[in-house]
Amino acid sequence: MAVVITIDGPSGAGKGTVCARLAEQLGWHLLDSGALYRITGLAASRKQIALDDDAAVAAVAAALDVHFEPLATGVQVMLEGENVTDTIRTEKVGSLASQVAALPAVRAALLQRQRDFRLTPGLIADGRDMGTVVFPNAEVKVFLTASAEERGRRRYEQLLDKGFNASLPALIEDIRARDDRDSNRAVAPLKPADDAITIDSTELTIDQVCEHVADLVRKAG
Ligand code: C5P
């Protein structure tokens, strides 16, 4: 079976950037599992399905017509032929994602779809439960975290760069609420796998984090 490196952690810890860079450096596949929950939340809300109706949202998750197309600028996400790459990154869709992610049948419906990404030569899997549930036998497991204030500040700068208005205290509050929901849910809560190595990126640059993870991969290989 192909090698898997799992990188789990709360939103804003830098997982997305680190995973994309590593996948590119190694020439491996990339699983952005959060995108699957975001797409499920978006698709269910468009179909006006109640976001606490586990069976109905799971049916949407099982039937998703979604494609990830690698481009030079990143991965383009297509839902039923529509480019939803930017739409799924909004705070609103992040909140839909975290609501549907708390539903057990939805998580079960997305499990095999995520495991199908494990292809040679290897996979970098980005999420909350990659090392605990989806790939429990992964070769390297990382738990990447940072303080809520620092994660809020990073998100704030990203939004300003894109020309959006944002309130830093509101962003930190959102991040705390999402952490709380993700860590305290009954199924697949956000927590490090027993055999994960925790990296706190609060005081580190993205380059330093990538170097640290690449080092773990070299040592494991
Ligand atoms: O990583 P991202 O912010 O895109 O994830 C959106 C939401 O999807 C998270 O807040 C979390 O609730 C959920 N999620 C999850 N399990 C994963 C990935 C994401 O529950 N493996």
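All residue numbers in this chain count up from 1 along the given sequence. Just so you know, ligand 1 is whichever comes first in the structure, and atom 1 is the first atom listed for that ligand.
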Note to self: Could you tell me, atom by atom, which parts of ligand 1 come under 4.0 Å of a heavy atom of A101?
What the structure shows: 12 (O), 13 (C), 20 (O)
Check: Polar-atom distance check: S11 versus ligand 1, any N or O pair below 3.5 Å?
Finding: no
Next item on the list: Return a yes/no value for R178: is any of its N or O atoms, backbone included, closer than 3.5 angstrom to an N or O of ligand 1?
Entry: yes
Item checked: Protein contact to atom 19 (C) of ligand 1 [nearest heavy atom, distance to 0.1 Å] -> G34 CA, 3.5 Å
Note to self: One pair to check against side-chain contact (heavy atoms from CB on, under 4.5 Å): L42 and R38. What are the steps and the verdict?
What the structure shows: CA-CA 6 Å; L42 177 65; R38 287 173 182 267; over 6 Å; no
Notebook entry, point to check: Judged by atom type as modelled, is there a donor-acceptor pair below 3.5 Å linking the side chain of T85 to the main-chain atoms of V77?
Noted result: yes
Next item on the list: Just jot down the ligand 1 atoms closer than 4.0 angstrom to any heavy atom of Y37, in number order.
Entry: 8 (O), 14 (N), 15 (C), 16 (N), 17 (C), 18 (C), 19 (C)
Next item on the list: Return the option from R181, R107, Q114, R89 holding the heavy atom at the smallest distance from atom 16 (N) of ligand 1.
Entry: R107
Notebook entry, point to check: Relative to the heavy atoms of M130, which atoms of ligand 1 are at a distance of less than 4.0 Å?
Noted result: 21 (N)
Next item on the list: Identify the protein heavy atom lying closest to atom 18 (C) of ligand 1, giving its residue, its atom name and the separation to 0.1 Å.
Entry: S33 OG, 3.4 Å
Note to self: Taking the basic N atoms (NZ, or NE/NH1/NH2) and the acidic carboxylate oxygens, is any pair closer than 4.0 Å for R21 and E211?
What the structure shows: no
Item checked: Side chain H29, main chain T120, donor-acceptor under 3.5 Å -> yes
Next item on the list: Give a yes or no on whether Q112 atom CD has more than 12 heavy-atom contacts from other residues, nucleotides or ligands under 6.0 Å away.
Entry: yes
Next item on the list: Please determine, by modelled atom types, if S98 and R178 share a side-chain donor-acceptor pair under 3.5 angstrom.
Entry: no
Next item on the list: Would you please determine whether R185 falls within less than 4.0 Å of ligand 1 on a heavy-atom basis?
Entry: yes
Margin query: For S201 and R154, which I'm curious about, is there any donor-acceptor pair between the side chains at under 3.5 Å?
Written below: yes
Notebook entry, point to check: Numbering the atoms of ligand 1 from 1, which are under 4.0 Å from a heavy atom of D182?
Noted result: 9 (C), 10 (O), 11 (C), 12 (O)
Notebook entry, point to check: Which atoms of ligand 1 are found less than 4.0 Å from any heavy atom of A97?
Noted result: 6 (C), 7 (C), 8 (O)
Item checked: Pair T202, D200: side-chain N/O donor-acceptor within cut-off below 3.5 Å -> yes
Check: To the nearest 0.1 Å, how far is atom 9 (C) of ligand 1 from its closest protein heavy atom, and which atom is that?
Finding: R128 NH2, 3.3 Å
Check: What atoms of ligand 1 come closer than 4.0 angstrom to any heavy atom of R38?
Finding: 2 (P), 3 (O), 4 (O), 6 (C)
Item checked: Nearest non-hydrogen partners of F143 and K191, listed with the distance -> CE1-C, 3.6 Å
